[in-house]
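Quick notes on the structure that follows.
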Amino acid sequence: MKILLTTLNSKYVHSNLALKYLYTVVAGENSHVDVREFTINNDPGYIFSELVRANYDMVCFSCYIWNIEQIKVLARDVREARPEMKILVGGPEVSYCGPEFMRENPWADFVLCGEGEYSFYRLCQVLESPDRRFDTVPGLIYRQEGKIYVNGLLEPMDFNMIPFPYSVLDCEEDRVVYYESSRGCPFRCSYCLSAAETSVRFLDMDRVKSELGYFLYKKPAQVKFIDRTFNCRPQRAYEIFKYLIDNDNGVTNFHFEICADLLDDETLRLLSKARRGLFQMEIGIQSANPATLAAIGRKENVYPVLYNTERLIKLGNIHTHVDLIAGLPYESYEIFARSFDKVYDLKADMLQLGFLKVLAGTPIYGQLEAHGIKYRSHAPYEVISTDYIKAEELVRLKMIENMVDIYYNRGGFGDTLDFLIGAVDKGAFGFYEKLADFYYERGYQHRERKKEDQYRILLEFAGELEGAGCGENLKERTRQLLETDMEKSTNPEIFKRFLRKGWALAR
C-alpha cells in the first residue's frame with residue numbers, strides 16, 4: 001500500500017517533527033511510505049496536482065490551527081478526484097474532537113488521536129492484512145459501513161522506545177530542525193493543550209547528548225527544542241546547556257522554551273559563558289496580573305519571572321523572546337496595558353503580543369460561559385471579546401501588536417524608540433497606542449511597506465508629537481536618532497541611498 005505523510009507548514013523553513021516520527025517507526029518494514037511537506041503559501045492547485053498524480057492509496061495529513069482550513073478544502077477536492085483514496089488526519093487540531101470532525105467531514109476515513117507512533121505502526125500492519133481489524137489500532141477513529149467507531153487511547157509509551165527521527169531522515173540544513181528531549185509538561189495552563197497531559201517523560205541523558213552531537217556535526221542553522229518547559233528539571237537543563245557550550249560548533253543556534261523562575265544562579269553563571277548566538281530562550285510570561293495568572297493555572301507571583309528574565313537579558317549573549325497573551329480571564333484593556341509596560345521594560349530582543357486561542361481539549365474551553373468568552377468559529381479560534389475586554393479594545397491591541405512588530409521586534413529603531421517613549425511620557429504602552437492611532441488614521445496599514453518607509457513614518461509621527469506640545473525640536477532630534485539607528489542597522493550603501501533620496505514619504 002502506497003502511503004503519503006504530509007502537511008502544510010506555515011513557512012518553508014519550518015518542518016514537521018510528527019511526520020518524521022511516524023515515518024521512522026515504519027521505515028524498516030514499509031518501503032511504500034513517503035514524507036512530503038508543503039506550506040500554506042504554496043498554490044493550492046499545485047498541491048492538489050501533486051497529491052492526485054502521485055497515485056497514493058492513502059494520504060495522511062498532520063493538522064494544526066494554521067493549516068486545518070486549507071487541509072479541509074484540499075482533502076475534500078482530492079477525495080472528489082480520487083474516490084478510492086483513503087484519507088487520514090491527525091494532530092492536535094483533530095485529536096480532541098475526532099468523532100465530530102468525521103461527522104462534519106465525510107471525506108475523512110480515519111482520525112489518529114494522541115501520540116501516533118505505535119498507532120500508525122499498527123495501522124500500517126492492519127492495512128496490509130486481509131481482515132483489516134481496525135478495532136485493534138489504539139487511538140484510531142474510523143468509518144466503516146456508514147458508522148463511526150472510536151478506539152481507546154494507548155497509555156503513553158516510554159519515550160526512549162521511540163526512534164530518533166534523524167536516524168533515517170536527513171537533517172535539512174535550510175530548515176529549522178525540531179527536536180524534543182522530553183514530552184509532556186508539569187504545568188496546567190488552562191489555555192494550553194498540554195494541560196491534558198498527566199506526566200513528563202524524558203529521554204535518557206546519554207541519548208540526548210548523542211543526538212545533539214549529531215546536530216553539532218551536521219551544523220544546521222537552528223535546532224529548536226519543542227519541550228513544553230525545557231528547564232522543568234533545572235539540573236537536567238544545566239547539563240544539556242553545559243554540553244552544548246563545551247561542544248559548540250560555532251554555527252548552530254539552539255532554541256528553548258523555559259520557565260524563568262526556575263533559573264538559578266549556577267545556571268545563569270553557566271549561560272554567561274555561552275557564545276553570543278548559541279542560545280535563544282522563549283519565556284511565556286503571558287500576564288503580570290495576579291488574578292489572571294491564578295485563573296489560568298500559573299503562579300500568581302510574576303515577580304520572580306520578571307526578575308530572572310531581566311537577569312538573563314542583562315547577560316547580553318542570550319537572545320530572549322517574551323510572550324504576552326491578550327484576552328485572558330480578569331484582564332481588562334487597562335490591566336493588560338500595565339502588564340505590557342512591565343514586560344516591555346525588560347528590553348527583551350522580541351516581545352510577542354499574542355491573543356487567546358480557544359482550543360478544544362483545553363480547560364479554558366470548558367470555561368467560556370464563566371468568563372463570557374466569545375471566539376472566532378474557524379481556526380485559529382481567536383478570542384473576539386470577554387466579560388473583561390471589548391471586541392473594539394482587542395482590535396486596538398491588534399493595531400498595537402503591529403506597531404510593536406514593525407518598530408521593536410524587527411529592530412533598527414532602538415535609540416529613537418527610547419527617546420520618543422520618554423517624550424510621550426505615558427509609558428511604552430501609551431506610546432505604541434498613540435503611534436498605532438497615527439499609523440492607522442493615515443492608512444499606512446493598507447499595504448506592505450519597505451523599512452525605509454517606516455523610518456519616514458516615524459519621523460512624521462514625531463512631527464505630530466511636537467505639534468501637540470511633547471517637546472521643542474522633537475522632530476529634528478528624532479531625525480538625528482533615526483539616522484544613527486539606520487546607519488547602525490543597515491547596509492552602508494542602503495543608508496547612503498536613503499539619505500540621497502531624502503525624508504519625504506511617498507504615500
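If you read the sequence from its start, that first residue is 1, and numbering goes on from there.
- Between the N105 side chain and the W107 main chain, no donor and acceptor come within less than 3.5 Å of each other.
- The pair K20-E37 counts as a salt bridge, with a side-chain nitrogen and a carboxylate oxygen less than 4.0 angstrom apart.
- Side-chain atoms of N409 come within 3.5 Å of backbone atoms of L351 as a donor-acceptor pair (strictly under, hydrogens ignored).
- Within a 6.0 Å sphere centred on CZ of R207, heavy atoms belonging to other residues, nucleotides or ligands number more than 12.
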task: Report the C-alpha distance between C232 and F202 in whole Å, list the side-chain angles of each, state the deciding distance to 0.1 Å, and finish with yes or no for side-chain contact (heavy atoms from CB on, under 4.5 Å).
output: CA-CA 11 Å; C232 63; F202 299 89; 3.8 Å; yes
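- Ion pairing between a basic and an acidic side chain is recognised when a charged N comes within 4.0 Å of a carboxylate O; E239 and K209 show such pairing.
- Minimum heavy-atom separation, N249 to K219: ND2-CG, 3.5 Å.
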message: Applying side-chain hydrogen bond (donor to acceptor under 3.5 Å, both in side chains) to N160 and R201, what does each step give before you reach the verdict?
response: CA-CA 9 Å; N160 289 284; R201 291 162 292 142; over 6 Å; no
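- For Y214, the OH atom counts as densely surrounded, since its 6.0 Å shell holds more than 12 non-hydrogen atoms of other residues, nucleotides or ligands.
- R175 and S15 form no side-chain donor-acceptor contact under 3.5 Å, judged by distance and modelled atom types alone.
- Taking all atoms of both residues into account, the shortest heavy-atom contact from P92 to L193 is CB-CD1, 3.6 Å.
- Within 6.0 Å of atom CZ in R143, more than 12 heavy atoms from other residues, nucleotides or ligands are found, so the atom counts as buried in its surroundings.
- Using a distance-only test at 3.5 Å, with no hydrogens or angles considered, a donor-acceptor pair links the side chain of R188 to the main chain of C185.
- Within the 3.5 Å criterion, the main-chain N or O of V302 finds no donor-acceptor partner in the side chain of D261.
- The shortest distance between side-chain heavy atoms of D405 and R410 falls below 4.5 Å.
- In this structure, I296 and I325 have side chains that are not in contact, with every pair of non-hydrogen atoms separated by 4.5 Å or more.
- Taking the side chain as every heavy atom from C-beta outward, F101 and K72 approach each other to under 4.5 Å.
- Looking only at side-chain heavy atoms (C-beta outward), L212 and V208 come within less than 4.5 Å of each other.
- In this structure, CG on L368 lies 12.0 Å from NZ on K374, to the nearest 0.5 angstrom.
- Counting heavy atoms from C-beta on, the side chains of M1 and H32 never come closer than 4.5 Å.
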task: Would you please test L271 and M281 for side-chain contact (heavy atoms from CB on, under 4.5 Å) and show each step?
output: CA-CA 11 Å; L271 292 174; M281 305 291 180; 4.0 Å; yes
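- Here the CG atom belonging to L356 is positioned 11.5 Å from the CD1 atom belonging to I384, to the nearest 0.5 angstrom.
- K86 has no carboxylate O lying under 4.0 Å from a charged side-chain N of D57, or vice versa, which leaves the two without a salt bridge.
- Residues that satisfy the salt bridge (Lys or Arg N to Asp or Glu O under 4.0 Å) test with E50, not counting sequence neighbours, are R36, R53.
- Taking both residues in full, the closest heavy atoms of H319 and D349 are given as CA-OD2, 3.3 Å, listed atom of the first, atom of the second, then distance.
- If you look at Y365 and Y96, their ring centroids are not closer than 6.0 Å.
- Nearest heavy-atom pair, V383 versus F355, reported as atom, atom and distance to 0.1 Å: CG1-CB, 4.5 Å.
- More than 12 heavy-atom neighbours from other residues, nucleotides or ligands sit within 6.0 angstrom of NZ on K398.
- A distance of 10.5 Å separates OG1 of T39 from CG of N67, quoted to the nearest 0.5 Å.
- Around atom CD of E84, more than 12 heavy atoms belonging to other residues, nucleotides or ligands sit under 6.0 Å away.
- Using a 30° and 60° split on the angle between ring planes, Y388 and Y330 fall in the tilted class, from 30° to 60°.
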message: Under the criterion side-chain hydrogen bond (donor to acceptor under 3.5 Å, both in side chains), I'd like the reasoning laid out for Q367 against S190: C-alpha separation, chi angles, the key distance, then a yes or no.
response: CA-CA 9 Å; Q367 300 167 3; S190 67; 4.6 Å; no
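- A donor-acceptor contact shorter than 3.5 Å links the side chain of N308 to the backbone of A260.
- Taking CZ of F279 as the start and CD1 of I258 as the end, the distance is 11.0 Å to the nearest 0.5 Å.
- Residue F61 holds its CZ atom at 14.5 Å from CG of L112, rounded to the nearest 0.5 Å.
- Under a 4.0 Å N-O distance rule, the pair D109/R79 qualifies as a salt bridge.
- With no hydrogens or angles considered, a side-chain donor-acceptor pair links D131 and S129 at under 3.5 Å.
- Remark: side-chain polar atoms of W66 are paired, donor with acceptor, to backbone N or O of L8 under 3.5 angstrom.
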task: Give the intermediate values and the outcome of side-chain contact (heavy atoms from CB on, under 4.5 Å) for residues L203 and E211.
output: CA-CA 11 Å; L203 290 180; E211 291 169 356; 3.8 Å; yes
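- Here the CG-CG distance, from L123 to L88, works out to 6.5 Å after rounding to the nearest 0.5 Å.
- C60 is not listed as a side-chain neighbour of L19, based on a closest heavy-atom distance of 4.5 Å or more.
- For E69 and R376, the salt-bridge test fails: no basic side-chain N is under 4.0 Å from an acidic carboxylate O.
- Donor-acceptor pairing under 3.5 Å is recorded for the side chains of D174 and Y12.
- Across A370 and D387, no two heavy atoms sit closer than the pair O-OD2, 4.0 Å.
- For H321 and Q280, the side-chain atoms include no donor-acceptor pair closer than 3.5 Å.
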message: Y381 vs E93, test: side-chain hydrogen bond (donor to acceptor under 3.5 Å, both in side chains). Steps then yes/no.
response: CA-CA 11 Å; Y381 316 110; E93 190 54 28; 2.3 Å; yes
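- Ring geometry, Y46 versus F38: the interplanar angle exceeds 60°, so the pair is classed perpendicular (tilted spans 30 to 60°).
- The aromatic rings of F230 and F256 are tilted relative to each other, their planes meeting at an angle between 30° and 60°.
- For S119 (side chain) and P138 (main-chain N/O), a donor-acceptor pair under 3.5 Å exists by modelled atom type.
- Using a distance-only test at 3.5 Å, with no hydrogens or angles considered, no donor-acceptor pair links the side chain of S210 to the main chain of D206.
- Partners of D323 under the salt bridge (Lys or Arg N to Asp or Glu O under 4.0 Å) rule, at least two apart in sequence or in another chain, do not exist in this structure.
- Side-chain contact between Y439 and Y407 is present, with heavy atoms from C-beta onward closer than 4.5 Å.
- L51 and V78 make their closest contact through CD1-CG2, 4.0 Å (heavy atoms, listed as atom of the first residue, atom of the second, distance).
- Using a 30° and 60° split on the angle between ring planes, F215 and Y166 fall in the perpendicular class, above 60°.
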task: Start with the C-alpha gap between V126 and F134, add the side-chain angles, then the distance that decides, and say whether side-chain contact (heavy atoms from CB on, under 4.5 Å) holds.
output: CA-CA 7 Å; V126 169; F134 293 122; 3.7 Å; yes
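- Geometrically, K2 engages Y56 in a cation-pi contact defined by less than 6.0 Å to the ring centre and at most 45° from the axis.
- At a threshold of 4.5 Å between non-hydrogen side-chain atoms, the residues V404 and F340 count as touching.
- Of the possible donor and acceptor atoms, none in the side chain of R275 sits under 3.5 Å from a partner among the backbone N and O of D248.
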